Amino acid sequence: MIKINQTFIKNFWPTFHNHGQNSHLKSFYTFTDYWRLWVLSVLILIATALLPLCLVTIIHYQLIQKSVDSELNLRVERLSSNATNAINFFMEERLDALIFTVNEIGYDKLTNKRKLDEIFKNLKLGFGGLTDLSVLDTDGNQINYSGPFNLEGKNYKNQAWFSESLGKKYFISEVFNGYRDLPHIIIAVRSVKPDGSFFILRATLDTERLFQKLTSYRTGDHADLFLVNNEGILQTPSVTYGSIFEQTHLILPKKSGNRKIVETPPKKTDLFISKHSFISTKIVGTPFILVVQKKKADMMHTWLDLRRNINWTVGISTVLIILVISFASTFMVNKLFLVDKAKAETMLQMEQSHQLASIGQLAAGVAHEINNPLAVINQTAGYIKDLFSFKDEPRNDEEILEYIDSILDSVDRCGTITQQLLGFVRQFDIKIKKVCLKEIIADVLNFHKKEAEYRQINVSTSFPDIIPEIITDKGKLQQILINLINNAFQSVDEGCSINIIVSWITMGTIKIVIQDTGCGIPEENLVKIHEPFFSTKQGKKGTGLGLSITYGLVKKLDGTISVQSTKDVGTAFTIVLPVKIQEKELG
Amino acid sequence: MEHIDILIIDDEEKFAAMLARRIELREYHSKVCHDGKTALQWIEKHLGSVSLILLDLQLPDMYGTQVLEDIKKIHPTVPVAIMTGHGSEKDKKECERLGAFKFMYKPINIDSLMTILEHIKEVPND
């Protein structure tokens, strides 16, 4: 489980931040700035994913807003239209009743108190909504009265409604208090007496009944229906503006010939949707304007709920998208980085192998050029020696013979060296056989036995319980070990130690570590040590070929070689070899 | 016809001359050819009168393996030893396939050469 977590984290955690630590590898990377790549990838992906989401959300918002507004408008319009019709009808019905009464009954009967009481009773029964009924002459005197108030004999000459009704055939007043000190509406019908002069039949409307009618249309808490006059004074109580006769300061439409009212379109900031309509009967207008107001908040509630849901969904989706994109980008850039790194490493290795190969070719050329003159020297010296040996005269000159022998020895040694140099490129037969690691290491250490004793160098070896017997090319393995152990001996001072540790890695691979507590290799040289002719050993001691040959030999044995070194602490060469080498034709 | 113990085919004149002289000193007969064609012509003319042929691989007119193949066509039983400065493993295999009985790297040790020659002379192969 922990392992899975680690791989998971490895995949999704930016591993490319330590990119560029190895300056030698750096030059082989395709991308130089992985963070920039990551940021770019995240930004592009987020923009691509979120832009359509935001656009759709905005369009959705606008569509819903529009439909909510139009729905609200429609509702208010319907309500207003219904209520207007009802109030119109209420007024018209009562006006018609009065007209009928005047036309049918005649002035004489109307001035009769008993008769008027009877008519009033019948009207109340038939239509309702009337408070009282009275007859007035043109001077404003109340000739006859039927109703609950004690208003008989009152004179209305100075009242505004009276003079107005005298000038018109039909009249409907605003709401006012009058003598009875209670809000009421007057409906008046002017008619002609038998003597030709006018008289007025006046009825008072029951405002309570009107209020109830309005209230019955009020649906929900957020709707307000009320009547105002042309000056904006409340004619019925309003939820928003207060009780009757309060000034509302509403902007009211002007009365025109056409009954239709052009409403100013509602603004987005308005809290209400308002509709105005004039109350008017077929034959006479009224001073009333019906105002219907509906608070937007009522309808908006649903919309706001929806919007909250949308906002949450969009918010959570955005966070998810950003998270997924960030992780995906990290994953991708990580993979890219790893591939790039592998490529860079391969390139570096190729560069090194290329160097080795070209040096190898050079070595072959050099060896060839040296070999032939060496052969000539060899034969010439041999011939001189022959002359001394086969001819009689100087045959006893031992000293000269010794010198010649030394020339021949040197030539032999040179020949060996050139052969070794050629071995660097020449493909020898791989003589594969079973090799005992313990024996081979002991053989190599044997060469240094005297040196170790003399310099007091402590040499130790460590083997696993099952001593590895590996199937490989003995000569090459021997050369590898000789080179590395020689190196170790050259780098340690007196009293230091050299450890050779053999251990199993898997069933098929073993590891040989050759460790010393010597002078170490400076970091800047670590990448160069496998290069041919790179040597820090001044003078005649080193050719700079040792490690590069070792490097090539380990490769030929299908193995790997690595080095860890700290200056003044020591160096450890680690060789990993397969226990059984794959046989192949090397040509 | 004079019998030749060792025929040296090598373009390195000084080397061949020295080797020839040392062989003469040891009272054997030698002959030097500096290119493949001359050598082949000589062998054709002197069939059966040579004990051992020392053949270099790098010759100016043809490659040693070709010379070896041609020698074996003319005179299949003559022992041919290859001596080379830097012959590859591939060359070695090819020469063995073509019938060379020895593959030696320069410089050549005269004493071992003599041992080989004596051994050949003891066991006549014709």
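In this text the structure is predicted, and so the values were computed from the model without any measurement. Reminder, nothing fancy here: chain letters follow the sequence lines and each chain counts from 1. Computed from heavy atoms alone, side chains included, the values below leave out hydrogens, waters and symmetry copies.
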Scored by heavy-atom pairs under 4.5 Å with chain B, the best of A:L408, A:N378, A:L374 is A:N378

Do NZ/NE/NH1/NH2 and the carboxylate oxygens of A:D386 and B:R21 come within less than 4.0 Å?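 Looking at B:R21 together with A:D386, the answer is no, because their closest N to O distance does not fall below 4.0 Å.
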
Measuring from A:K385:NZ to B:L25:CG, what's the distance to the nearest 0.5 Å? 13.0 Å

So do A:T380 and B:K14 actually touch side chain to side chain, heavy atoms under 4.5 Å? no

Would you say CD of A:E439 has more than 12 non-hydrogen atoms from neighbouring residues, nucleotides or ligands within 6.0 angstrom? no

Would a distance-only check, ignoring hydrogens and angles, find a side-chain to backbone donor-acceptor pair under 3.5 Å from B:R22 to A:G382? yes

Using a 4.5 Å heavy-atom cutoff, which residues in residues 106-116 of chain B come close to chain A?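 Within residues 106-116 of chain B, the residues under 4.5 Å from chain A are B:K106, B:P107, B:I108.
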
